Amino acid sequence: MHDTPGPVFLADCPTRLAVEIITEKWAVIVLFALSLQARRPGELAQLIGGISHKVLTQTLRRLQAYGLVERHAYAEAPPRVEYSLTPLGQTLVEPIKVLTDWARDNGEAIIDFQEQNER
């Protein structure tokens, strides 16, 4: 493992692509919401909050195109669709948990810093 970005972050490097995928605004939140169970789009939108159905659909499609999420369509009336993590998507659960723990532990300090510097 390298301590400096160096060539792993060149434009055509898979490492850079992976970082770009998970730094998209809603990607980590959607992945985290799917980490415990498969969910329907409406459930995801309600659980996440603040995300439009259009943006949620775009995010799910992008994550599906990257092989992180899979879509399951059930032949029922009315039709039912669920999304779940693929095995590759499951590999992100632990790193996302670490990031979430960091945010929970340090979020207040960031807000305090911002408030102090606004004065």
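This structure is a prediction, so every number in the text was calculated from the model and none was measured.
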### Query
Going only through I, L, V, M, F, W and Y residues with side-chain contacts under 4.5 Å, is there a path from L99 to L47?
no
### Task
May I ask you to check whether over 12 heavy atoms, not counting those of R80, lie within 6.0 Å of atom CZ?
yes
### Message
Looking at W26, is its backbone amide N or carbonyl O close enough to the side chain of T59 to form a donor-acceptor pair, meaning the two atoms are under 3.5 Å apart?
### Response
no
### Task
Supply the atom-to-atom distance I29 CD1 to L44 CG, rounded to the nearest 0.5 angstrom.
12.0 Å
### Message
Salt bridge or not between E82 and R39? Use side-chain N to carboxylate O under 4.0 Å.
### Response
no
#### Entry: Separation of R71 CZ from L63 CG (nearest 0.5 Å)
14.5 Å
### Query
What's the shortest heavy-atom distance between L85 and V93, and which atoms?
CD1-CG2, 3.7 Å
### Message
I need the minimum non-hydrogen distance between I21 and A27, along with the two atoms involved.
### Response
O-CB, 3.4 Å
### Task
Please report the closest heavy-atom contact between L17 and Y66, naming both atoms and the distance.
CD1-CE2, 4.5 Å
### Query
Which heavy atom in W102 sits nearest to a heavy atom in I110, and how many Å separate them?
CH2-CD1, 3.7 Å
### Message
Please determine whether the number of non-hydrogen atoms from other residues, nucleotides or ligands lying under 6.0 Å from atom NE2 of H53 exceeds 12.
### Response
no
### Query
Roughly how far, to the nearest 0.5 Å, is CD of Q90 from CG of L68?
11.0 Å
### Task
To the nearest 0.5 angstrom, please state how far the CG atom of L31 sits from the CD1 atom of I96.
4.5 Å
### Task
Give, for atom CG of L92 and atom CZ of F32, the distance between the pair rounded to the nearest 0.5 Å.
12.5 Å
### Query
Donor-acceptor pair, E43 side chain versus R40 backbone, under 3.5 Å?
yes
### Query
When rounded to the nearest 0.5 angstrom, what distance separates CG in L56 from CD in Q46?
12.5 Å
### Message
Assess the residue pair E24 and R62 against the criterion (side-chain contact (heavy atoms from CB on, under 4.5 Å)); give the C-alpha distance rounded to whole Å, side-chain angles, the decisive distance to 0.1 Å, and a yes or no.
### Response
CA-CA 10 Å; E24 290 177 4; R62 247 188 329 272; 2.4 Å; yes
### CA sep, side-chain torsions, deciding dist, call: Y74, V81, side-chain contact (heavy atoms from CB on, under 4.5 Å)
CA-CA 6 Å; Y74 298 92; V81 174; over 6 Å; no
